[in-house]
Amino acid sequence: MFNNFRLDDEAKREMMDEIKKYFLEERGEELGDLAAMLILEFFADKLAPHFYNKGIQDGHEFMAQRLDDIFELNK
């Protein structure tokens with residue numbers, strides 16, 4: 001569970017509540033805490049690393065562009 005990062009209990013509870021709300025509103029299914037936690041763990045373990053890596057890549061590209069801008073000032 002959450003092998004790559006840690007979430008505090010408040011954040012987990014908020015995310016679980018959002019998962020339960022989504023399933024109820026979009027699918028008409030009521031989820032309990034265990035089901036919501038299992039879904040949260042799936043997203044955290046399987047999908048979150050892809051979003052994290054994309055954020056790192058985007059940040060790297062942004063910083064590289066800013067450094068290029070700085071070096072252009074050096075004439």
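All values reported here derive from a predicted model rather than from experimental measurement.
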Below 4.5 Å, heavy atoms only, C-beta onward: do E41 and K46 meet side chain to side chain? no
Answer yes if F42 and Y52 sit in the same cluster of Ile, Leu, Val, Met, Phe, Trp and Tyr residues linked by side chain heavy atoms under 4.5 Å apart, and no otherwise. no
So how far is it from M37 CE to I19 CD1, rounded to the nearest 0.5 Å? 8.5 Å
Is there a path of hydrophobic side-chain contacts, each under 4.5 Å between heavy atoms, that joins L24 and M15? no
Show me the donor-acceptor pairs within less than 3.5 Å that the side chains of residues 27-34 make with the rest of the protein, sequence neighbours left out.
residue: R27; atom: NE; partner: E29; partner atom: OE2; Å: 2.9
residue: R27; atom: NH2; partner: E29; partner atom: OE2; Å: 2.9
residue: D33; atom: OD1; partner: R13; partner atom: NH1; Å: 3.3
residue: D33; atom: OD1; partner: K20; partner atom: NZ; Å: 2.5

Mind checking salt bridge (Lys or Arg N to Asp or Glu O under 4.0 Å) for D69 and listing every partner two or more places apart, or none if nothing turns up? R66
Spacing of L73 atom CG and D68 atom CG [to the nearest 0.5 Å]: 11.0 Å
Report the residues that fulfil side-chain contact (heavy atoms from CB on, under 4.5 Å) with E10, sequence neighbours left out, ordered by chain and then residue number. D8, E14
Between CG of L38 and CE of M16, what distance do you get to the nearest 0.5 Å? 9.0 Å
Does one hydrophobic cluster hold both M63 and I70, with members joined at side-chain heavy-atom distances below 4.5 Å? no
Heavy atoms of A44 and P49 approach each other most closely as O-CD, 3.5 Å
Atom pair CZ/CG of F62 and L67 - distance to nearest 0.5 Å: 10.5 Å
With D58, which residues qualify under side-chain contact (heavy atoms from CB on, under 4.5 Å), at least two apart? K54, E61
Check side-chain hydrogen bond (donor to acceptor under 3.5 Å, both in side chains) between D17 and all other residues, then give those that pass, not counting sequence neighbours. none
